[in-house]
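Here the structure comes first, spelled out in C-alpha cells, and everything after it is commentary.
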Amino acid sequence: MKPLENTVGFLRRIFTNPPFLIYLAAFAALLGQLEIFRTLVRQVNAWMNVDTLTVAGDVAVLLLPLVFLRPRWRRTVWFLIAGMTVFCYVNLWYCRAFYDLMPADSLGMGGNMQSRVVEAFFDQLRMADWLLLLPVAAFAAIWLPLRRKALAVRFPISAKITLTAVALLLYGGAYMARAYRLYDVNRKLGNYPHMLCNYFSYSKVKAYKFSQHLTRMGYIGYMGWQLDHALLDHKLDKNERSRIDAFWECRRCRPSAAADFRANRSRNLIFIIVESLASDAVGATVNGVEVAPTLSALAADSSAIVFRRMQAQVNHGRSSDGQFIYNTGLLPLRNNVVAKRYPSANYPSIAKALGYANSSEVVGEKPTFYNHSITNLSYGYTGFVPATDAWLTDRRILDNATAEIRRLKQPFYCEITTLDMHDPYNHPIKEPTAISAAEGYDPRDLNYYEQVHVFDSLLAGFLSRLKADGLYDNSVIVIASDHEPRKSALSENGPISNDIFLLILNSGLPGGMHSDRIVGQVDVMPTILDVMGIDGYPYPGLGHSLVAEPRHQGATDAFGNVYGNTDDSARNALEEAWQMSALMIEGAYFKK
C-alpha cells in the first residue's frame, strides 16, 4: 500500500499547489480559446484544421517558462493570454475579410484603415466572437483567489520535471502525428523517417494559405515562420536567377497577335480599374431596371473585346494586388502583401512598355494607402493624382481623371482606380431605383446592384466628356474589375458569382471578341501590350495575350484553385508562373 499512498500523496501535493493550479488553468484557458478560434475561422476557411494534440503541445511548451520563473514573475502569464487573445481576434476578423490569416507584415499597415475599410471591418463582427473571451474570464476567476499564494510558492522540483516531460512529449507526439499525416498523402516524397527529419520543408508543399501553414506547423512553428518571412529578405542564388532568365526567354516567344495593332502605337490608353465589379452585374436586370446600362451597351458592341469569366488572382493585398497584376504582368505573393513589403523595385509595367512621355495614375486614396506613392514610381508613371485628405467618391475620382487627361499631351496613358463599390453593401443610396424594392433578394445584393448602377451612370458621364474633348476615338479604353465582390459581404447563395469583367474598346480588332473563356487577371497586361502594338518588350508578363493565336484559357488563383479545362502540362505552367513571380519579387530580381 505504501507505493499507492506515496502516489496519492504526490498527486495531492501537486493538485493543491497554487502555482500548478494556475498553470493548469492557463493551459485549459489557452487550449479552449484556440479551439474556439479554430471553430470560428473554419466557418470562412475550411483549411484551418489545427488538431487538438498540436494545440495542446504548443500551449504546454509556451507555458513552460511559467514553471521556471520566480514566483513574482508568474503574473506575466497574462501577457501570453492577452497576446493570444489579440492574435485570435485579429486573425479571425482579417480572415472574414480576406479568407485567410493575417501576414505578420500587415500588422504595420494601420495607415490603410480609412473610412470605408473601417466600415468593412465592422461589418465582419459577429456575436459569436465574444466566445473567445470566455476562457479568459474562467482563468481570471481561478487566478484572483489563488494569485497571492501562486506568487509566493515555488514549484517543487518533481513538478518541474513532470511538467517539462509532459510538455515535450505532447509537442513531440503532435509533431510526429503531423509528419505522418503529411507522409501518408505524399508518400512519393520519401519514407516516414525522411519526412520526420525534413518535415518543415515538406510542410509547405501545396500550402497556399496561411491557415494551411498553421495547420501543418502548429502555433509555435507558424509564428516563427511568419517572423522569418516578415523580417528576412531572400537573395537569389545563381541557379534561381538562371531559372528566371530561362523562363523569360520562353515568355518572350509569344504567340502572334490575331490582328495588326500597330496603328494603336500613336493612340492614348485609358485603363479604368473598377472596384469589385462582378460580371453578373453587366447585363443584369433587377425589378425592371438594367443594373449597368452603359457597360451592357459597350459590351454588346460587336467591335469590343469582352471577357466575362475572368478569375481574380489577388490575395491579401486585394485591390493593391489587382493593380499590381495589371500594371506589371506579375502575380502577387501568397505569403505577403507586395505593396507593403516590396513596393519599391524597377518592376516591368505597361507604362514603361508604352514609353509615353505622359503617363498618370488617378486614385481616390491618400498617397500612403498601400504605399501608393511608391508603387506609382515603381510602375513608371510620370504623374500621380491621389486624394489629399480623404477617401474620394467615384464622382470626384472621375472628375479628377477628366482634368488630368485634359492636361496630358497626346499620346498619353492614364490609369484610373475607382472605390465606391467597396464593401460593406449597406450604404444609403441617394437616389434609389426600383432595384432596392425588388423582392426575393438579400438587401446586401440589392445595395451592391444599386452601387454598380451609380458607378455606371458616372462612367457614362466620363465617356461623354472624352467624346466632347475629341479624345474618345483616339483612345484605347480598358475597363476591368480589380477583384470579385467580397463573398462575406454578400448573400451566401445569391446571384453574384466570382467571375470578373474585362472590356476593351476601340482596339481595332476586326469583328471584336466576345468570349466566355476562363482567363486570369495576369492575362490582361500581355493582352494590352498586343492591343497597343508593342513588340519586343523584354518582360511581356507572366500571362497570355487574349488576342493571340492559339487562344489561351485557364487560370490558377492565389490559393491553388485551377479554373478551366486544362491538362496537367497547362496546370503545371500556370503554377510555375506563381513560383517564378514569387522568386522575382522576393529575390529582388527587378532591383533598382
Check: How long is the gap from CD on Glu275 to CZ on Phe455, to the nearest 0.5 Å?
Finding: 10.5 Å
Note to self: So that I know where these two stand, are Phe559 and Tyr99 an aromatic pair - ring centroids less than 6.0 Å apart?
What the structure shows: no
Note to self: Please report the interatomic distance OG(Ser488) to CZ(Arg126), rounded to the nearest 0.5 Å.
What the structure shows: 7.0 Å
Margin query: So for atom CG, which belongs to Asp228, do other residues, nucleotides or ligands contribute more than 12 heavy atoms lying within a distance under 6.0 Å?
Written below: yes
Checklist line | Ring-ring centroid check Tyr381 Tyr413, cutoff 6.0 Å | finding: yes
Notebook entry, point to check: Would you say Leu277 and Ile500 make side-chain contact, with heavy atoms under 4.5 Å?
Noted result: no
Notebook entry, point to check: Does the distance from a Lys or Arg side-chain N to an Asp or Glu carboxylate O, for Asp516 and Arg309, drop under 4.0 Å?
Noted result: no
Check: Does any donor atom in the side chain of Gln521 or Tyr326 lie under 3.5 Å from an acceptor atom in the other side chain?
Finding: yes
Notebook entry, point to check: Is there a donor-acceptor pair under 3.5 Å between the side chain of Ser475 and the backbone N or O of Ile477?
Noted result: no
Margin query: Please determine whether salt bridge (charged side-chain N to carboxylate O under 4.0 Å, His left out) holds for the pair Arg465 and Asp399, giving the CA-CA distance in whole Å, both sets of side-chain angles, and the decisive distance to 0.1 Å.
Written below: CA-CA 10 Å; Arg465 292 193 293 274; Asp399 285 347; 3.5 Å; yes
Next item on the list: Give a yes or no on whether a salt bridge exists between Asp523 and Arg517, defined as a side-chain N under 4.0 angstrom from a carboxylate O.
Entry: no
Margin query: Could you check whether Arg486 makes a cation-pi contact with Phe98, meaning its NZ or CZ is under 6.0 Å from the centre of the six-membered ring and within 45° of the ring axis?
Written below: yes
Checklist line | Residues Asn447 and Gln451: side-chain donor-acceptor under 3.5 angstrom | finding: yes
Notebook entry, point to check: Is there a donor-acceptor pair closer than 3.5 Å between any side-chain N or O of Tyr425 and the backbone N or O of Pro485?
Noted result: no
Note to self: For the backbone of Leu458 and the side chain of Arg395, can you confirm whether one donor and one acceptor N or O come within less than 3.5 Å of each other?
What the structure shows: no
Checklist line | Over all atoms of both residues, closest heavy-atom pair of Pro386 and Lys366 | finding: CB-C, 4.5 Å
Check: Would you call Cys88 and Leu34 a side-chain contact if the rule is heavy atoms closer than 4.5 Å?
Finding: yes
Next item on the list: Kindly say whether Tyr347 contributes a backbone atom to a donor-acceptor pair with the side chain of Ser378 at under 3.5 angstrom?
Entry: no
Next item on the list: Calculate, to the nearest 0.5 Å, the distance between atoms NZ and CG belonging to Lys487 and Asn498 respectively.
Entry: 5.5 Å
Margin query: Whether the Ser349 and Asn327 side chains hold a donor-acceptor pair (N or O, under 3.5 Å, no angle test) is what I'd like checked.
Written below: no
Next item on the list: Taking all non-hydrogen atoms of both residues into account, name the closest pair between Cys95 and Val41 and its distance.
Entry: SG-CG1, 4.0 Å
Note to self: Apply side chain to side chain contact (heavy atoms under 4.5 Å, CB included) to residues His427 and Val454 and explain how you reach the verdict.
What the structure shows: CA-CA 12 Å; His427 281 258; Val454 172; over 6 Å; no
Checklist line | Arg38 versus Asp51, closest heavy-atom pair with distance | finding: NH1-CA, 3.7 Å
Item checked: Gly520 backbone acceptor or donor facing Gln311 side chain under 3.5 Å -> no
Checklist line | Where Pro103 and Asn336 come nearest, the two heavy atoms and their spacing | finding: CB-OD1, 4.2 Å
Item checked: Interatomic spacing from CE in Met48 to CG in Leu101 - rounded to 0.5 Å -> 6.0 Å
Notebook entry, point to check: Any salt bridge between Glu484 and Arg318, counting N to O under 4.0 Å?
Noted result: yes
Margin query: Apply side chain to side chain contact (heavy atoms under 4.5 Å, CB included) to residues Tyr441 and Ile435 and explain how you reach the verdict.
Written below: CA-CA 10 Å; Tyr441 288 85; Ile435 290 174; over 6 Å; no
Next item on the list: Not counting sequence neighbours, list each pair that qualifies as a side chain to side chain donor-acceptor pair (under 3.5 Å) and has a residue in residues 555-564.
Entry: Asp557-Asn561, Asp557-Tyr563
Margin query: Would the distance check show the side chain of Ser581 and the main-chain N or O of Leu331 forming a donor-acceptor pair, the cut-off being under 3.5 Å?
Written below: yes
Notebook entry, point to check: Does a side chain donor of either His483 or Ser319 reach within less than 3.5 Å of an acceptor in the other side chain?
Noted result: yes
Note to self: Is it true that Glu415 and Tyr379 share a donor-acceptor pair across their side chains at a distance under 3.5 Å?
What the structure shows: no
Check: Quick one: CD on Glu290 to OG on Ser296, what's the gap to the nearest 0.5 Å?
Finding: 4.5 Å
Check: Judged by atom type as modelled, is there a donor-acceptor pair below 3.5 Å linking the side chain of His514 to the main-chain atoms of Ala299?
Finding: yes
Check: Do the side chain of Asp58 and the main chain of Val55 share a donor and acceptor less than 3.5 angstrom apart?
Finding: no
Next item on the list: Measure across Ile36 and Leu132 and return the closest heavy-atom pair with its distance rounded to 0.1 Å.
Entry: CG2-CD2, 3.9 Å
Item checked: Single hit among Val282, Leu295, Asp301 for side-chain contact (heavy atoms from CB on, under 4.5 Å) with Leu503 -> Leu295
Check: Do side-chain atoms of Asp420 reach the backbone of Thr393 as a donor and acceptor pair under 3.5 angstrom?
Finding: no
Notebook entry, point to check: Any donor and acceptor pair, going by atom type alone, linking the side chain of Asn45 with main-chain N or O of Trp47 inside 3.5 Å?
Noted result: yes
Next item on the list: Consider only side-chain N and O atoms of Ser491 and Asp442, and report whether a donor and an acceptor are under 3.5 Å apart.
Entry: no
Next item on the list: First locate atom CG of Leu466, then atom OG1 of Thr402, and finally report the distance between them rounded to the nearest 0.5 Å.
Entry: 6.5 Å
Notebook entry, point to check: What is the ring orientation for Tyr219 with Phe37, classed by angle as parallel under 30°, tilted 30 to 60°, or perpendicular over 60°?
Noted result: tilted
